[in-house]
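Below, chains carry the letters A, B, ... as their sequence lines are ordered, and counting in each starts from 1. Quick note: numbers below take in every heavy atom, side chains included, and nothing from hydrogens, waters or symmetry partners. Nothing here was measured: the structure is a model prediction, and the numbers come from that model.
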2 protein chains.
Amino acid sequence: MSTRRETVRQALTGSTGFRSAQDLYADLRAEGSKIGLTTVYRALQALSDSGEVDVLRTDDGEAVYRACDSEAHHHHLVCRKCSTAVEIEGPAVEEWAAEVGARHGFTGVTHTVEVFGTCADCARS
Amino acid sequence: MSTRRETVRQALTGSTGFRSAQDLYADLRAEGSKIGLTTVYRALQALSDSGEVDVLRTDDGEAVYRACDSEAHHHHLVCRKCSTAVEIEGPAVEEWAAEVGARHGFTGVTHTVEVFGTCADCARS
DNA sequence: TTCCATTTTGACAATCATTTTCATTTTCTC
DNA sequence: GAGAAAATGAAAATGATTGTCAAAATGGAA
């Protein structure tokens, strides 16, 4: 396994929030790494494909990534200001989504659920 | 009020699915309109700002729009193949999201919920 | 109606994240 | 160690979206 992918994984693990490829690239370069932007994108793509990191899209369409503790299906409570995220679960939501899909004759039903807000720390300032 | 915005609104209303700005532009040009791409973007922006149309992002980050029947808060069950969408509600999900946010000390909590699947028509073929 | 101000429009250029290309370097395998 | 395969990165290409700016449509006021 590539050393570069490991570098990117660690850069992500060092943060509790969602980070963009550009962010990670800037950080890595700032701390002296000679990694290329293309490689950061490739590493994130691979990590995301293998399910090791979660991806979501910001309102302006940028992809942001997070190394979550759980590899199991879960959702996120994300701070609108600092992007810190908490992993959350909602069995009721899972069932609701499946049921709604079935009721309308849809098959292979999946869903995306994200909760946004301002975290306590950010609200304080 | 502009005639162009009305044109775009109608192009959207004529479809049950989510459509991208580029799609709508292509359709309008195909049916003879001399509308410009910039104008299509501006109209969609305005319609979305005023809450008249709903927006969401595809997996590859493209913005897609839909003129929904209800202006009230709701979610969508979207076909992965043809992008047809059904407006759905989930009171339980609303409460769950608010409760989860509050429990973690988040304020100004909002959420996004979308359900995807293959609709009965598409499954048949 | 006519004229000026305001708004809308659209062609074109500029952005910006992401992907491709392709030649070079590194890593594995024998 | 040699050669094939995989990984890397610089630079160019892509594609959606936004900014610029001058021309065209619109809306009153005279």
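Between the side chain of A:Thr84 and the backbone N or O of A:Thr16, no donor-acceptor pair lies under 3.5 Å.
Rounded to whole angstrom, the span from the CZ atom of A:Arg19 across to the P atom of C:dT18 amounts to 14 Å. One interatomic measurement links the two molecules: CG of A:Leu28 to P of D:dT8, which rounds to 13 Å at whole-angstrom precision. Following rounding to the nearest Å, A:Arg4 (CZ) and D:dA6 (P) show an atom-to-atom distance of 20 Å. Distance CG (A:Leu24) to P (C:dA17): 13 Å, rounded to an integer number of Å. In this structure, CG of A:Asp49 is placed 11 Å from P of C:dT19, rounded to the nearest angstrom. Computed from coordinates, the B:Lys34 NZ to D:dA25 P distance equals 14 Å when rounded to whole Å. A:Asp60 has its CG atom 11 Å from the P atom of D:dT17, to the nearest Å. Across the protein-nucleic acid pair, A:Arg42 atom CZ and C:dA17 atom C1' stand 16 Å apart, rounded to whole Å.
Set against C:dT18, D:dT17, C:dA11, the side chain of B:Leu37 has D:dT17 as its closest nucleotide.
One finds no side-chain N or O of A:Arg57 lying less than 4.0 angstrom from the OP1 or OP2 phosphate oxygen of C:dA17. Close to D:dT17, at under 4.0 Å from its OP1 or OP2, lies a side-chain N or O of B:Tyr41. Of the side-chain N and O atoms in A:Thr38, none sit less than 4.0 angstrom from OP1 or OP2 of D:dT8. Taking 4.0 angstrom as the limit, A:Arg5 places none of its side-chain polar atoms (N or O) nearer than this to OP1 or OP2 of D:dT8.
Between B:His111 and B:His73, the ring-plane angle classifies as perpendicular under the 30° and 60° cut-offs.
Taken to the nearest 0.5 Å, the CD1 atom of A:Ile88 stands 10.0 Å off from the CD atom of B:Glu99.
Residue contacts shown for A:Ile35 are limited to sugar-phosphate atoms, with no base heavy atom under 4.0 Å away.
In summary, the side chains of B:Gln22 and B:Ser20 do not present any donor paired with an acceptor at a separation below 3.5 Å, with no hydrogens or angles considered.
Counting non-hydrogen atoms of neighbouring residues, nucleotides and ligands closer than 6.0 angstrom, the CD atom of A:Glu89 reaches no more than 12 such neighbours.
Taking the side chain as every heavy atom from C-beta outward, A:Leu12 and A:Leu44 approach each other to under 4.5 Å.
Between its two ends, the helix from C:dT1-D:dA30 to C:dC30-D:dG1 turns its axis by 20°, counting five pairs per end and rounding to 10 degrees.
Comment: B:Glu87 engages B:Arg66 in a salt bridge, judged by a side-chain N to carboxylate O separation of less than 4.0 angstrom.
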